[in-house]
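Accompanying notes for the structure given below.
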Amino acid sequence: MPRNVQRLKETSLQTFKTLQSIAPMLFAVMGLVGIFETFVTPEMIHKIFNAHAIHDMLLATTAGAVSVGQPFLSYIIGGELLDEGISMYAVTAFILSFVTLGIIQIPLEFSIFGARFTIVRNLLSFLFAIVIAYMTTLSTSFLSGYFS
Amino acid sequence: MKEKEQMKNKTGYIMLLIVLGLYGILYFVHAGKTLQALEATFGVFKTVAPILLVVFFLMAFLNTFIDEKSVAKHLGDDSGFKGWFIALFGGVLSHGPGYIWYPMLQELRKKGALDGLIVAFLYARSIKLPWLPLMISYFGLTFTVVLTFYVLVGAFVQGIFAGKIMNEAKKDR
């Protein structure tokens, strides 16, 4: 038991050092989140869509990747976009990329996991946001038609 | 290894200086909004701090009681279905912003956890259990169930792809 306590002390110190080494980058990311939350408004996101499905889906994925905030914000913006006639494909892609992609946390991801992991994961997440948005919208409209 | 660690520290400080510089410039352009941004940053910190504490204890626990052998067994090459189950449901249940979990996930990677499982964990995090009722109220039950299902399948498939790509890259080195 005392051996475990000694080990716990050592590993706690080691863990503290690890967190300390990423702290500056973590604070930088939080600082960027604050800037984006304040300066990038939902109105700005609205303005970039033009109701062409593929164009909107690609833009929505990018807009979601750039946006930051609590997930519910993406539902509110998504709901407003739907009301304005933006396709469900684009709205779903936006909701997905909002939580799975984060341009501003890429430097942190890069410094912790390395370049290859970060590039592979983000490219796949971008692609999957589009694929899943497409499949979800198709399946939802099929199921809604079936059950109504 | 130490050099790499120092480099990581240096990059972090440079990034922090850039962000502080950005705040400085923005303050001259739009003082009121910059102060709002600072408040928002403080809000993020308040949200993140308790989760960071949990991550700290999890990492310390992991490093004390879980060795490479058991990580390899549960999340390594031979982990099979159990590994995917842990990654997907761990992702769904994990809380807070994704970047808070990076250090712990990297510790697991170092101990032998598969890259594919880490990618699956991070993607499965897009299912936010506490926000599901709000999603249902905005987009309906059918949409929410279908999206949740595809995200889980997508996290699994993405994990497989990422694992294969990363393995190929390791072989080429």
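Because the structure is a prediction, the values reported are computed rather than measured. We name chains A, B, ... by the order of the sequence lines, and we start the count at 1 in each one.
- Heavy-atom pairs under 4.5 Å with chain A peak, among B:Pro103, B:Ala155, B:Gly43, B:Gly98, at B:Pro103.
- Here the closest non-hydrogen pair linking A:Ser97 and A:Thr61 is OG-O, 2.9 Å.
- The two atoms that bring B:Val146 and A:Ser139 nearest to each other are CG1-CB, 3.8 Å, heavy atoms only.
- Contacts of A:Val91 with chain B are made by side-chain atoms alone, with heavy-atom separations under 4.5 Å and no backbone atom involved.
- Cluster partners of A:Leu101, by chain and number: A:Ile54, A:Met57, A:Leu58, A:Tyr89, A:Phe126, A:Ile130, A:Tyr134, A:Leu138. The rule joins Ile, Leu, Val, Met, Phe, Trp and Tyr whenever side-chain heavy atoms lie under 4.5 Å apart.
- Ranked by heavy-atom pairs under 4.5 Å with chain B, the first of A:Val120, A:Ile35, A:Val99 is A:Ile35.
- Proximity to chain A involves both the backbone and the side chain of B:Val151, based on heavy atoms less than 4.5 angstrom apart.
- With a 4.5 angstrom heavy-atom cutoff, A:Leu13 does not touch chain B via any of its atoms.
- Note: B:Arg109 leads B:Glu39, B:Arg109, B:His30 in heavy-atom pairs under 4.5 Å with chain A.
- No close placement of the B:Tyr27 and B:Tyr23 rings is indicated, their centers lying 6.0 Å or farther apart.
- Side chain of B:Ser79 to main chain of B:Lys82: no donor-acceptor pair is present (N/O by atom type, distance under 3.5 Å, no hydrogens or angles).
- Contact annotation for residues 113-122 of chain B against chain A (heavy-atom separation below 4.5 Å, listed by residue number): B:Asp115, B:Ile118, B:Val119, B:Leu122.
- Formation of a donor-acceptor pair under 3.5 Å by the B:Tyr123 side chain with backbone atoms of B:Leu88 is not found in this model.
- Between chain A and the options B:Met166, B:Gln36, B:Lys128, the largest number of non-hydrogen pairs under 4.5 Å is found for B:Met166.
- Contact annotation for A:Glu109: both backbone and side-chain heavy atoms come within less than 4.5 Å of a heavy atom of chain B.
- Neither the backbone nor the side chain of B:Leu38 comes within contact range of chain A; no heavy atom of the residue lies under 4.5 Å from a heavy atom of that chain.
- The minimum heavy-atom distance between A:Met25 and B:Met15, with the atom names listed, is SD-CG, 3.5 Å.
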Between side-chain atoms of residues 130-139 of chain B and protein atoms elsewhere (two or more places apart, or another chain), which donor-acceptor pairs fall under 3.5 Å?
from, atom 1, to, atom 2, distance (Å)
B:Ser137, OG, B:Leu134, O, 2.9

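- The most heavy-atom pairs under 4.5 Å with chain A, out of B:Ala60, B:Gly159, B:Ala162, come from B:Ala60.
- Contact annotation for A:Ile95: only side-chain heavy atoms (C-beta onward) come within less than 4.5 Å of a heavy atom of chain B.
- Under the 3.5 Å distance criterion, the side-chain polar atoms of A:Thr92 are left unmatched by any main-chain donor or acceptor of A:Ala133.
- B:Gly91 approaches B:Ser94 most closely through the heavy-atom pair O-OG, 2.9 Å.
- Using a 4.5 Å cut-off between heavy atoms, A:Phe110 does not touch chain B at all.
- In this structure, the portion of A:Leu26 lying under 4.5 Å from any heavy atom of chain B is its side chain and not its backbone.
- Both the backbone and the side chain of B:Val157 come within contact range of chain A, each with at least one heavy atom under 4.5 Å from a heavy atom of that chain.
- With a threshold of 4.5 angstrom between heavy atoms, B:Ile165 approaches chain A through side-chain atoms but not through N, CA, C or O.
- Using the six-membered ring where Trp is involved, A:Phe98 and A:Phe94 have ring planes that are tilted, between 30° and 60° apart.
- In terms of modelled atom types and a separation under 3.5 Å, the side chain of A:Thr100 and the main chain of B:Ser126 share no donor-acceptor contact.
- Contacts between B:Glu107 and chain A at a heavy-atom distance below 4.5 Å involve the side chain alone, from C-beta outward.
- Of all heavy-atom pairs spanning B:Ala37 and A:Phe39, the tightest one is CB-CE1, 4.3 Å.
- Here A:Phe117 pairs with A:Phe113 under the ring pair (Phe, Tyr, Trp, His ring centres under 6.0 Å) rule; sequence neighbours left out.
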